[in-house]
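One-based numbering, in listed order, for ligands and for the atoms of each. Because only heavy atoms are used, hydrogens play no part in the values below, and waters and symmetry mates are left out as well, while side chains stay in.
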Amino acid sequence: MFTRRTALLGAAFAATAPVLLGRGIAAASESMTPVGLPADLSTLTRRKVELVRPPFVHEHEQVAGTGPQIIEFTMTIREQKMVIDEEGTTIQAMTFDGSVPGPLMVVHQDDYVELTLINPESNSMPHNIDFHAATGALGGGALTLINPGEQTTLRFRATRPGTFVYHCAPGGPMIPWHVVSGMNGAIMILPRDGLKNEKGEPIRYDKVVYVGEQDYYIPRDEDGNYKEYDSPGDGYSDMLEVMNGLIPTHEVFNGAVGALTGDNAMTSKVGETVLIVHSQANRDTRPHLIGGHGDYVWETGKFNNPPEKDNETWFIRGGSAGAAMYTFLQPGVYAYVNHNLIEAVSLGATAHFKVEGDWNNDLMEQVSAPGPIPRG
Ligand SMILES: [Cu+2]
């Protein structure tokens with residue numbers, strides 16, 4: 001039967017099938033219902049978690065207080081126009097739960113992540129979700145492709161601890177287009193007994209923040225002004241052209257230039273230990289905290305590996321999420337940047353931490369203020 005579903009999905013895949021076949025991942029375009037023995041989860045308890053907007057992270061225990069559980073999440077896909085810089089440039093964004101990046105999900109190793117993904121009728125595109133943390137079926141992408149007006153529930157076991165990206169991956173050029181239109185986020189899977197330092201000793205954070213870095217490719221008109229579109233589909237071919245040049249017009253934290261600076265700055269205080277989870281679903285980046293360090297850094301984000309220590313800058317590979325832990329030692333405003341400084345200053349990849357507390361003159365002191373050179 002020819003339904004609206006097959007019509008929409010058919011349209012999406014007609015454009016993308018040659019690319020998929022060419023790369024040998026044709027399975028992506030076939031509807032697939034895996035057959036296996038039903039998993040017996042009857043002894044597990046369930047817990048519902050309300051997701052929150054980044055840079056904030058939902059409440060969670062660092063050390064699991066129980067055995068593995070089924071953790072239930074719901075995300076609604078929102079296609080929405082967003083302003084992405086101070087000049088009012090817009091994008092017809094595609095988002096998980098209305099934010100770029102989507103919310104950070106936190107579970108423990110061996111928990112079951114059970115996500116209900118909703119694609120409201122008001123949207124225009126099919127979407128899905130590929131969890132880098134999950135095993136099989138394109139990270140869940142093959143099982144979650146939904147049209148506007150549909151929803152689906154996916155469950156996977158969080159077998160590997162670490163920070164991992166999730167993103168939309170509907171096939172062919174739709175994949176990078178949806179990702180650079182905002183459809184990405186991260187999940188943090190904590191070891192059941194919490195994080196550990198390089199000696200295997202337990203360490204804790206007082207606060208966790210989630211910074212999602214986003215490259216945008218906004219088309220310009222003949223006069224060089226950024227173009228606006230009425231829907232994501234309207235801008236598709238123009239944006240594909242800019243994307244294929246591989247030079248982003250914007251490189252931002254949490255969806256827009258200034259989303260984490262000034263009044264939107266993240267906050268901390270001297271003596272507080274902050275875990276910064278940083279994802280980039282598409283492109284390499286190199287976070288740096290100006291005037292601070294990474295006390296412990298899991299560059300690749302995978303907690304079974306000992307953290308690096310005392311980093312000045314760390315590398316987040318495109319398509320991954322890393323985690324850095326730092327205890328602030330001095331008050332002030334710290335810029336947290338992508339240390340490609342052109343991207344930080346000219347393209348937008350800058351955030352601020354406002355840190356309260358007392359200055360430590362032993363760590364740094366202005367011995368004499370700037371002034372004229374004394375005449376000899
Ligand atoms: Cu999508």
Open item on the list: One thing to verify: whether Glu201 and Lys196 come together as a salt bridge, which I'm taking to mean a side-chain N less than 4.0 angstrom from a carboxylate O.
Closed with: no
- [ ] May I ask you to establish whether Lys354 and Tyr334 are in a cation-pi arrangement, using a distance under 6.0 Å from NZ or CZ to the six-membered ring centre and at most 45° from the ring axis?
- [x] no
Task: Test item: His108 side-chain N/O and Gln62 main-chain N/O as donor-acceptor pair under 3.5 Å - done: yes
Open item on the list: Below 2.8 Å, which protein N, O or S atoms neighbour the Cu ion (ligand 1), ignoring water?
Closed with: His127 ND1, Cys168 SG, His178 ND1, Met183 SD
- [ ] State yes or no: are the ring centers of Phe164 and Tyr166 separated by less than 6.0 Å?
- [x] no
Open item on the list: To the closest 0.5 Å, what do you measure between CG (Leu115) and CD1 (Ile187)?
Closed with: 9.0 Å
Open item on the list: Show, in sequence, the C-alpha distance, side-chain angles and deciding distance for Phe96 and His127, and conclude whether the ring pair (Phe, Tyr, Trp, His ring centres under 6.0 Å) test is met.
Closed with: CA-CA 10 Å; Phe96 288 105; His127 300 282; 7.9 Å; no
